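The structure under discussion appears below in the form of structure tokens.
Note: hydrogens, waters and symmetry copies are ignored here, and every other heavy atom, side chains too, is used. Here the structure is a predicted model, which is why all the values come from computation and not from measurement.
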Amino acid sequence: MTTKHYEGARLELFVFDNGTEVTEYQLMIHAEDTYASYAEQLAAVMNAYSAVVENELKNAHCIFKRYFLSDAANQMDDVVANDMTDCAKSIIQQAPLDGTKVAVWAYLMTGVNTDIGPSGLYRMHHGAFTHLWNGSAHNLAANSEYQTRLLFNEYAMQLLQEECTLKDNCLRTWFFVNDVDLNYGGVVRARNQFFFTQGLTVNTHFIASTGISGRQQDPNVLVQMDNYAIRGIQPEQIHHLYAPTHLNRTSDYGVSFERGTTIDYADRRHVLISGTASINNKGEIMYPKDIVKQTHRMWENVEALLAEAGCTYDNVGPMIVYLRDTSDYAMVSKLYQERFPNHPHVIVHAPVCRPGWLIEMECMAVKQQNAPEFNAF
């Protein structure tokens, strides 16, 4: 990780460069002045992004951005009005817990071409593959179950326009649920039912996912979805991670997502780790009400998933950490600084889908490999 300081902002940079034309950059940008207004913090974060792209990442295309806001109702409009970056954008209220009002995760690559398809999905093209990203999808149906069902219906149609299907091409989803304790059940029901209609079952596979608290600008939006799919990907390139010594199948407790997914290319392996908490292989919450022990068990679970993918934490880029109780921030931040001083990360306020889980994290990893049986990334 490289850390850069700009006026009012700190930028943490993760780079994967294996000597090919596609270099990957992941940025985590934090506002630093907790006394500054939101407008000043947003400007500082945006200026830091512009400075690093213009001066050091000149040939990189932004693929995806996520804004973490402290008050979406009053802040989202300013992001939409001021960020003209041509990429898929996710904007969600998940307050950074360092006392600031905004943080940004951005994913960039060199050597690729980008556009927006007729489906409305943001497309990144390279070689045999088209990577399809989407952020901030939402609707105003009557409840969380109906909203989720409509989200999936729309996404399935978008994928069809791109000659893809949910089952064969979607690799990752994120569900941000307004009042997760109340509304997550509707998301689960709709997802389970929709997946069944698409041939996604415990005997086939599900999709890596995070389901977490987060709200949009409009309080009537109960569910927001981000997603990622790849056109041209072949079944033999995709493997799902289980870590059965540490984790159970999510279907054991009535939900339908994969713990993690690997995608193999000739020159690299991508690893997508779903939201992971302090759980054992029987589906039980480990160390109830103990934030320190839950954090350590969560790390252990993620480490087991990474190991199954042939990776370690050294291969991991930015980490997103979700906390239920804001008062746990000081302890969790200390633990992360001690264990991962050289990893970009952001810690945000976002209760997990089961109240007993005090903390959850997700991450992506990338590893160089030589697999000539596959096409290059």
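Checked for salt-bridge contact, E303 and R339 meet the test: a charged N lies under 4.0 Å from a carboxylate O. Using a cutoff of 4.0 Å between basic side-chain nitrogens and carboxylate oxygens, E54 and K58 are not scored as salt-bridged. No salt bridge links D264 with K367; every basic N to acidic carboxylate O contact stays at or beyond 4.0 Å. Salt bridge R172/E362: present, at least one basic N to carboxylate O contact under 4.0 Å.
Scanning all heavy atoms of the two residues, the minimum distance from V180 to V352 falls at CG1-O, 3.7 Å. Closest non-hydrogen pair, A229 versus C170, comes out as CB-CA, 3.7 Å.
Taking 4.5 Å as the limit, every side-chain heavy atom of D267 sits out of range of all side-chain heavy atoms of N370. Between L306 and T312, every side-chain heavy-atom pair lies at or beyond the 4.5 Å cut-off. Contact annotation: the side chain of R259 never approaches that of S274 to less than 4.5 Å [non-hydrogen atoms, C-beta and beyond]. Side chains of Q93 and Q216 form no contact here, defined as non-hydrogen atoms less than 4.5 Å apart. Looking only at side-chain heavy atoms (C-beta outward), H5 and T3 come within less than 4.5 Å of each other. Looking at N315 and R269, their side chains never come closer than 4.5 Å, going by heavy atoms from C-beta outward. For the pair N169/I230, no side-chain contact is recorded, criterion being any heavy-atom separation below 4.5 Å from C-beta on. With contacts defined as side-chain heavy-atom distances shorter than 4.5 Å, the pair L121/I116 does not qualify.
Between the side chains of H270 and E24, a donor-acceptor pair is found at a separation under 3.5 Å. Side-chain atoms of H138 and Q147 form no donor-acceptor pair, as typed in the model, at a separation below 3.5 Å. Between Y67 and D83, the side chains place a donor N or O and an acceptor N or O closer than 3.5 Å (distance only, hydrogens not considered). Using modelled atom types, one finds no donor on one side chain facing an acceptor on the other under 3.5 Å when comparing Q369 with R268. A donor atom on one side chain and an acceptor atom on the other are not found under 3.5 Å apart for E258 and T261. Defined by atom type and a distance below 3.5 Å, a donor-acceptor pair is present between the side-chain atoms of N301 and R297. A donor and an acceptor atom, one from each side chain of N280 and E284, are located under 3.5 Å apart. T173 and N227 share no side-chain donor-acceptor pair at under 3.5 Å. Donor-acceptor pairing under 3.5 Å is recorded for the side chains of E12 and H30.
With Q75 contributing its side chain and D71 its backbone, the two residues share a donor-acceptor pair below 3.5 Å. The main-chain N or O of E21 is found under 3.5 Å from a side-chain atom of T110 such that the two form a donor-acceptor pair. Listed for the N178 side chain is a donor-acceptor partner under 3.5 Å among the backbone atoms of P219. The closest donor-acceptor contact from the side chain of Q193 to the backbone of A190 lies at 3.5 Å or more, if one exists at all. The backbone N or O of M124 lies less than 3.5 Å from no partner atom in the side chain of T114, so there is not a single donor-acceptor pair.
Ring planes of W174 and W133: parallel class, angle under 30° (limits at 30 and 60°). Ring geometry, F175 versus F152: the interplanar angle falls from 30° to 60°, so the pair is classed tilted. Under the 30°/60° scheme for interplanar angles, the aromatic rings of F340 and Y336 are found to be tilted. Using cut-offs of 30° and 60° for the angle between ring planes, the Y265 and F129 rings count as perpendicular. Using a 30° and 60° split on the angle between ring planes, H205 and H240 fall in the parallel class, below 30°. Between W105 and F64, the ring-plane angle classifies as perpendicular under the 30° and 60° cut-offs.
The cationic atom of K65 (NZ for Lys, CZ for Arg) lies less than 6.0 Å from the six-membered ring centre of Y49 and within 45° of the ring axis.
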Ring pair (Phe, Tyr, Trp, His ring centres under 6.0 Å) evaluation trace for H296 with Y287: CA-CA 10 Å; H296 284 284; Y287 310 115; 9.4 Å; no
Side chain to side chain donor-acceptor pair (under 3.5 Å) assessment of Y313 paired with H343: CA-CA 9 Å; Y313 277 115; H343 277 78; over 6 Å; no
From CA spacing to verdict: side chain to side chain donor-acceptor pair (under 3.5 Å), H61, D86: CA-CA 9 Å; H61 295 264; D86 183 18; over 6 Å; no
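Between L132 atom CG and Q161 atom CD the span is 11.5 Å, to the nearest 0.5 Å. Within the model, atoms CH2 of W357 and CZ of R324 stand 11.0 Å from one another, a figure rounded to the nearest 0.5 Å. The structure places CZ of R249 at 13.5 Å from CG of N281, a figure rounded to the nearest 0.5 Å.
Both L222 and V255 sit in one connected hydrophobic cluster of ILVMFWY residues. Membership requires side-chain heavy atoms under 4.5 Å apart, directly or through other members. There is a path of hydrophobic side-chain contacts, each under 4.5 Å, that joins V15 to L57. Under the 4.5 Å side-chain contact rule for hydrophobic residues, W299 and I359 share a cluster. In the hydrophobic clustering of this structure, V104 does not group with M28; members are Ile, Leu, Val, Met, Phe, Trp, Tyr whose side-chain heavy atoms approach within less than 4.5 Å, directly or through other members. The hydrophobic clustering, which links ILVMFWY residues whose side-chain heavy atoms are closer than 4.5 Å, places V292 and L323 together.
A side-chain contact (heavy atoms from CB on, under 4.5 Å) with Q217 holds for exactly one of I91, D77, V79; it is D77.
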